[in-house]
Undergrad: 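One structure coming up, written as structure tokens, with questions to follow.
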Number of protein chains: 2
Amino acid sequence: MPSPKTKDLEQAARWFHALSDQTRLRIIDCLLDCEQCVCDLTDMLQTGQSRLSFHLKILKDAGILKDRRDGRWVYYSLNPDTIEEVQEYAESLKTRSHGGRGGSPCCD
Amino acid sequence: MPSPKTKDLEQAARWFHALSDQTRLRIIDCLLDCEQCVCDLTDMLQTGQSRLSFHLKILKDAGILKDRRDGRWVYYSLNPDTIEEVQEYAESLKTRSHGGRGGSPCCD
DNA sequence: GTTGTGAATCAAGATTTGTTGATGCGTCAA
DNA sequence: TTGACGCATCAACAAATCTTGATTCACAAC
């Protein structure tokens, strides 16, 4: 069973970092059903615009969100591809860890 | 479709924070097959003992690792229950986001 | 007891992260 | 062209995080 490459770990750490904040998880929650523009998100989350923009950038840089400008408005939406990759990473941890079954004695 | 409660978000943010660091992901990788004691991990990861202890504590506090003392040695192993919860959270994001199909127009 | 070893904790400093308010940029309407 | 609006970015500060080396703690062997 191959270990993940450093690059994969880097990527995964980036994803998880983007997800490691309640504000950002709430943003994601607001986007589960459909895209939203920034001003709607400030209303939904009751937060300052610059704070929101900061967190949106982190999520976007991690590949978790996409944005789309329409006139004066910028709409953010989830990037399903990345969400799926995150899920697959978590799934692989689960699958591979079940091989070791918790507190089994050392096997090296 | 109910939104996750604040408490769930808090929990999820804690999990993801614990996973948001390459060193910690490498630790997890070392524990996929079987438990390891701290001194083995320092060898495997080529890192200082106090640094490792710091990261192990974060993973343990997040519920991702369990520890077990045996004489002078402390053995760390994955906590499959938490790994599964993380995977389920990621899965729910994936499932729920597919309902919205990416960049679909706003529906509120 | 004393000593040695594995591991946690502490202290100090460097770095990163998050918040707030101000400013700048692009777009639209008048 | 001017003004208003939506949003990104900047500057400054507060707070959290990470690293390193020293110290402490727990246990076992002697």
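Below, read A as the first sequence line, B as the second, and so on, with proteins coming before strands; counting in each chain starts at 1.
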Undergrad: Could you grab the distance from atom CG of B:Leu45 to atom CZ of B:Arg24, nearest 0.5 Å is fine?
TA: 13.0 Å
Undergrad: Atom CG of A:Leu31 and atom CD1 of A:Ile64: how far apart are they, to the nearest 0.5 Å?
TA: 11.5 Å
Undergrad: To the nearest angstrom, how far is B:Arg14 atom CZ from D:dT17 atom P?
TA: 11 Å
Undergrad: Starting from the 5' end of DNA chain C, give me the residue, A:His55 or B:Val74, whose nearest nucleotide shows up first.
TA: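 Here B:Val74 is the residue nearer the 5' end.
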Undergrad: Distance check needed: C:dT17 C1' versus A:Gln22 CD, whole Å only.
TA: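 Answer to the nearest Å: 16 Å.
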Undergrad: Between A:Tyr89 and B:Leu25, is any pair of side-chain heavy atoms under 4.5 Å apart?
TA: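 Result yes, sub-4.5 Å side-chain heavy-atom pair found.
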Undergrad: Within the 4.5 Å heavy-atom criterion, are B:Trp15 and A:Leu19 side-chain neighbours or not?
TA: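 The answer is no, as the side chains (C-beta and beyond) never meet within the 4.5 Å cut-off.
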Undergrad: What pairs meet the ring pair (Phe, Tyr, Trp, His ring centres under 6.0 Å) rule with one or both residues in residues 32-55 of chain B, with sequence neighbours excluded?
TA: none
Undergrad: Nearest whole Å is fine: how far is D:dA8 P from A:Lys60 NZ?
TA: 8 Å
Undergrad: To the nearest angstrom, how far is B:Leu65 atom CG from C:dA7 atom P?
TA: 14 Å
Undergrad: Figure out the NZ/C1' separation between B:Lys57 and D:dC18, and round it to whole Å.
TA: 15 Å
Undergrad: With the sugar-phosphate defined as primed atoms, P, OP1 and OP2, and the base as all remaining atoms, what B/S/- string results for nucleotides 21-30 of chain C, 5' to 3', for protein heavy atoms under 4.0 Å?
TA: BB---BBSS-
Undergrad: Look up atom CD1 in B:Ile58 and atom CG in B:Leu65, then write down how far apart they are to the nearest 0.5 Å.
TA: 11.0 Å
Undergrad: Between C:dT19 atom C1' and A:Asp21 atom CG, what is the distance in whole Å?
TA: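 The distance from CG of A:Asp21 to C1' of C:dT19 comes to 11 Å, rounded to the nearest Å.
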Undergrad: Report yes if at least one side-chain N or O of B:His17 is closer than 4.0 Å to OP1 or OP2 of C:dT17; otherwise report no.
TA: no
Undergrad: For A:Thr95 and A:Glu91, what are the C-alpha separation, side-chain angles and deciding distance, and is it a side chain to side chain contact (heavy atoms under 4.5 Å, CB included)?
TA: CA-CA 6 Å; A:Thr95 306; A:Glu91 177 104 31; 4.1 Å; yes
Undergrad: Checking all strands, does B:Leu56 fall into the base, sugar-phosphate, or nothing category for heavy-atom contacts under 4.0 angstrom?
TA: nothing
Undergrad: So for the helix from C:dG1-D:dC30 to C:dA30-D:dT1, with five pairs setting each end axis, what is the inter-axis angle to 10°?
TA: 20°
Undergrad: Which whole-number value in Å describes the distance from B:Phe54 CZ to C:dC10 P?
TA: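 In whole Å, C:dC10 P lies 13 Å from B:Phe54 CZ.
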Undergrad: Show the nearest heavy-atom pair for residues A:Arg26 and B:Leu9, with the distance to one decimal.
TA: CG-CD1, 3.2 Å
Undergrad: Starting from P on D:dA8, measure out to CG on A:Asp61 and report it in whole angstrom.
TA: 12 Å
Undergrad: Classify the nucleic acid contact of B:Ile58 as base, sugar-phosphate or nothing, counting any heavy atom under 4.0 Å across all strands shown.
TA: sugar-phosphate
Undergrad: Between A:Tyr76 and D:dG6, does any side-chain N or O lie under 4.0 Å from OP1 or OP2?
TA: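 Answer no for this pair, as no side-chain N or O of A:Tyr76 is under 4.0 Å from OP1 or OP2.
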Undergrad: Return the NZ to CG distance between B:Lys57 and B:Asp67, rounded to the nearest 0.5 Å.
TA: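 Spacing of NZ (B:Lys57) from CG (B:Asp67) equals 10.5 Å.
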